[in-house]
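See below for the structure under consideration.
Predicted, not measured: the structure shown is a model, and the values here were computed from it. FYI, the numbering just counts along the sequence from 1.
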Amino acid sequence: MTVPPTPTPADPAGASHVPVLLAECLEGLAVGPGGRYIDGTLGGGGHTETILQKSAPDGQVLGLDADPAALRRVGERLAEPIAQGRLLLAHTAFERMAEVAAQHNFAPVDGILLDLGLSSFQLETPERGFAFTHDGPLDMRFDPTSGESASELLNWMDEVAIADIIYRYGEERMSRRIAKAIVEQRPIATTGQLAALVERAVGGRKGQRIHPATRTFQALRIAVNDELGQLERVLVQALALLKPGGRLAVISFHSLEDRIVKVWMREESRDYVPDPTSIYGGHDREPTLALLTKGPLVASPEEAARNPRSRSAKLRIAEKK
Ligand SMILES: C[S@@+](CC[C@H](N)C(=O)[O-])C[C@H]1O[C@@H](n2cnc3c(N)ncnc32)[C@H](O)[C@@H]1O
């Protein structure tokens with residue numbers, strides 16, 4: 001009989017993370033026996049576990065996560081492939097992917113996966129401060145051992161900068177009102193305090209489908225973790241780490257991330273670079289990537305019904321030339 005692990009604050013009872021677009025990722029990454037893969041966003045290890053199964057008996061995964069709690073959990077759950085040397089774990093932000101892969105002598109690789117954003121474990125753990133639905137400290141860091149929490153950030157930034165973050169990363173029209181209320185009422189220490197403040201600032205729920213604080217919480221999370229900057233920096237490294245013919249799969253959950261991936265993949269797959277300042281109009285070049293998805297892959301109606309998280313997921317896949 002297996003004994004269920006004791007729930008701790010970092011591992012709430014009943015929380016589980018269901019990997020999204022799993023079959024599409026495995027097919028897109030062309031996972032097969034003996035392959036080497038990097039999972040830049042290990043999370044609950046759902047994708048990694050299946051990659052290990054599909055690449056058996058001797059395929060390997062290097063799994064990265066900024067969150068020490070995610071690594072601890074996967075370390076326990078996937079102890080066997082770790083003992084076999086098939087799964088290596090590293091506590092790091094994925095913007096250090098190239099450096100960490102070099103440290104582990106883990107390049108070049110056959111495939112790299114990025115499943116961006118936060119896991120259900122993080123969302124459902126009040127102490128992590130990601131959710132307006134649970135009261136907890138306003139933290140929001142993927143890595144609680146480094147950097148500034150959302151509360152710290154809000155407590156020193158000026159009103160214009162706070163409004164900018166909420167507008168740009170949350171696409172929130174009432175960003176100025178919200179920033180004004182934050183500055184008037186700070187220090188803001190808890191998620192509950194911020195959620196209530198935003199709700200009052202925008203004049204209540206007014207029959208909206210989503211909670212009025214949804215966009216503000218998303219914006220702060222993106223800013224606290226420099227999510228867009230991290231993504232821009234890792235794409236270049238991923239390309240360098242892949243073998244020719246190696247695959248990159250990226251799942252994003254909001255339009256700002258997806259746009260970065262889309263534009264970068266498109267640029268890398270072009271065989272011509274326009275130059276408006278030149279009378280020759282640009283130059284030909286060898287593309288570095290081939291696009292395997294013209295538009296993004298999205299969840300099937302069945303997956304969307306089974307796993308609501310998958311509804312906003314967009315998967316783009318490219319192959320290194
Ligand atoms: C959506 S979850 C991944 C879930 C995973 N694919 C699974 O099937 O269980 C995203 C994970 O990536 C981590 N993460 C997000 N941004 C990161 C970054 N810049 N560097 C490292 N880890 C990051 C988060 O801590 C979280 O655990």
Side-chain angles (χ1 to χ4, degrees), residues 41 66-67 93-95 114-120 122-126 128-144 146-206 208-233 251-263 309 311-314:
T41 50
D67 184 353
F94 58 54
E95 66 174 349
L114 293 170
D115 175 16
L116 301 169
L118 79 170
S119 69
S120 308
Q122 291 164 330
L123 187 64
E124 289 159 23
T125 306
R128 302 300 299 274
F130 286 107
F132 48 79
T133 45
H134 311 291
D135 198 19
L138 186 62
D139 191 321
M140 297 197 184
R141 286 171 296 177
F142 290 140
D143 183 355
S146 81
E148 277 186 314
S149 69
S151 168
E152 286 166 328
L153 206 75
L154 289 184
N155 288 338
W156 67 259
M157 276 198 157
D158 67 38
E159 192 178 316
V160 175
I162 294 173
D164 272 0
I165 285 176
I166 298 174
Y167 183 72
R168 283 172 51 203
Y169 300 156
E171 299 173 289
E172 168 63 70
R173 285 182 304 110
M174 301 215 230
S175 58
R176 286 184 197 286
R177 271 204 236 173
I178 296 170
K180 186 164 183 286
I182 288 172
V183 169
E184 280 167 3
Q185 293 172 50
R186 63 190 177 187
I188 316 293
T190 68
T191 53
Q193 196 185 347
L194 180 63
L197 173 159
V198 174
E199 193 170 343
R200 280 195 304 276
V202 303
R205 298 199 182 202
K206 295 181 189 152
Q208 289 181 57
R209 209 168 38 85
I210 59 167
H211 188 287
T214 309
R215 286 184 286 270
T216 300
F217 270 65
Q218 172 185 298
L220 285 175
R221 201 198 77 211
I222 292 175
V224 164
N225 296 291
D226 186 18
E227 290 180 39
L228 305 182
Q230 287 263 341
L231 179 58
E232 280 169 351
R233 291 189 288 277
I251 307 174
S252 57
F253 290 86
H254 56 76
S255 56
L256 299 172
E257 286 171 342
D258 184 54
R259 194 174 311 144
I260 289 173
V261 179
K262 178 176 80 178
V263 169
R309 261 191 87 251
R311 288 179 199 157
S312 49
K314 292 202 163 89

**Item:** Donor-acceptor contact below 3.5 Å, side chain Q122 vs main chain S119
**Value:** yes
**Request:** Verify, without hydrogens or angle tests, whether N225 (side chain) and M140 (backbone) share a donor-acceptor contact under 3.5 angstrom.
**Result:** yes
**Asked** Should D139 and R141 count as an ion pair when the cut-off is N to O under 4.0 Å?
**Response** yes
**Prompt:** In terms of heavy-atom contacts, does CZ of R233 have more than 12 from other residues, nucleotides or ligands at under 6.0 Å?
**Reply:** yes
**Euclidean distance, I182 CD1 relative to R186 CZ, rounded to 0.5 Å** = 9.0 Å
**Prompt:** Hey, are D67 and R128 close enough for a salt bridge, meaning a charged N less than 4.0 Å from a carboxylate O?
**Reply:** yes
**Prompt:** What distance separates F130 CZ from L118 CG, expressed to the nearest 0.5 Å?
**Reply:** 5.5 Å
**Request:** For the residue pair M157 and I165, establish whether any side-chain heavy-atom pair is separated by less than 4.5 Å.
**Result:** yes
**Request:** Locate the shortest heavy-atom distance separating L256 from R168; write the atom from each residue and the value.
**Result:** CD1-O, 3.3 Å
**Prompt:** What is the minimum heavy-atom distance between A201 and A181, and which atoms define it?
**Reply:** CB-CB, 4.0 Å
**Side chain proximity check, E184 to L197, heavy atoms < 4.5 angstrom** = no
**Request:** Apply side-chain contact (heavy atoms from CB on, under 4.5 Å) to the pair E199 and H211, showing each step before the final yes or no.
**Result:** CA-CA 8 Å; E199 193 170 343; H211 188 287; 3.6 Å; yes
**Request:** Start with the C-alpha distance between F217 and T191, add both sets of side-chain angles, then the distance that settles side-chain contact (heavy atoms from CB on, under 4.5 Å), and finish with yes or no.
**Result:** CA-CA 9 Å; F217 270 65; T191 53; 4.0 Å; yes
**Asked** Can you name the nearest heavy-atom pair linking E148 to L153, along with the distance?
**Response** OE1-CD1, 3.4 Å
**Asked** Less than 4.5 Å apart, any side-chain heavy atom of E172 and any of Q218?
**Response** no
**Asked** When you measure from the side chain of E152 to the backbone N and O of S149, does any donor-acceptor pair fall under 3.5 Å?
**Response** yes
**Prompt:** Just how far is it from atom NZ of K314 to atom OG of S255, taken to the nearest 0.5 Å?
**Reply:** 7.5 Å
**Prompt:** Are any side-chain N or O atoms of N155 and backbone N or O atoms of I188, one a donor and one an acceptor, separated by less than 3.5 Å?
**Reply:** yes
**Item:** I251 and L114, any side-chain heavy atoms less than 4.5 Å apart
**Value:** no
**Prompt:** How close do E257 and L231 get, heavy atom to heavy atom, and via which atoms?
**Reply:** O-CD2, 3.7 Å
**Request:** Show your working on side-chain contact (heavy atoms from CB on, under 4.5 Å) between R200 and Q185 and close with a plain yes or no.
**Result:** CA-CA 12 Å; R200 280 195 304 276; Q185 293 172 50; 3.1 Å; yes
**Item:** Distance in Å, I178 CD1 paired with I166 CD1, rounded so as to fall on 0.5 Å steps
**Value:** 5.5 Å
**Item:** Residue pair Q230 / F94, side-chain heavy-atom distance below 4.5 Å
**Value:** yes
**Complete:** dist D115:CG -> T41:OG1 (nearest 0.5 Å) comes out at 4.5 Å
**Message:** Check R215 with E171, please: is the shortest side-chain N to carboxylate O separation under 4.0 Å?
**Reply:** no
**Message:** Quick check on R311: does its CZ atom have over 12 non-hydrogen neighbours (other residues, nucleotides or ligands) under 6.0 Å away?
**Reply:** yes
**Cationic tip of R309 above F253 ring, under 6.0 Å, 45° of axis** = yes
**Request:** Compare every heavy atom of L116 with every heavy atom of S252, then report the nearest pair and how far apart it is.
**Result:** CB-CD1, 4.0 Å
**Message:** Looking at D164 and R176, is there a salt bridge between them, counting it only when a charged N and a carboxylate O are closer than 4.0 Å?
**Reply:** no
**Message:** What's the separation between atom CD in E232 and atom CG in D226, rounded to the nearest 0.5 Å?
**Reply:** 8.5 Å
**Request:** I would like to know whether H254 and L228 meet side-chain contact (heavy atoms from CB on, under 4.5 Å); could you show each step before the answer?
**Result:** CA-CA 11 Å; H254 56 76; L228 305 182; 4.2 Å; yes
**Item:** Test item: L194 and F132 side chains (from C-beta on) under 4.5 Å apart, heavy atoms
**Value:** no
**Asked** Could you walk me through whether R221 and E227 pass the salt bridge (Lys or Arg N to Asp or Glu O under 4.0 Å) check?
**Response** CA-CA 8 Å; R221 201 198 77 211; E227 290 180 39; 2.9 Å; yes
**Asked** Between V198 and A213, what is the shortest heavy-atom contact and its length?
**Response** CG1-CA, 3.8 Å
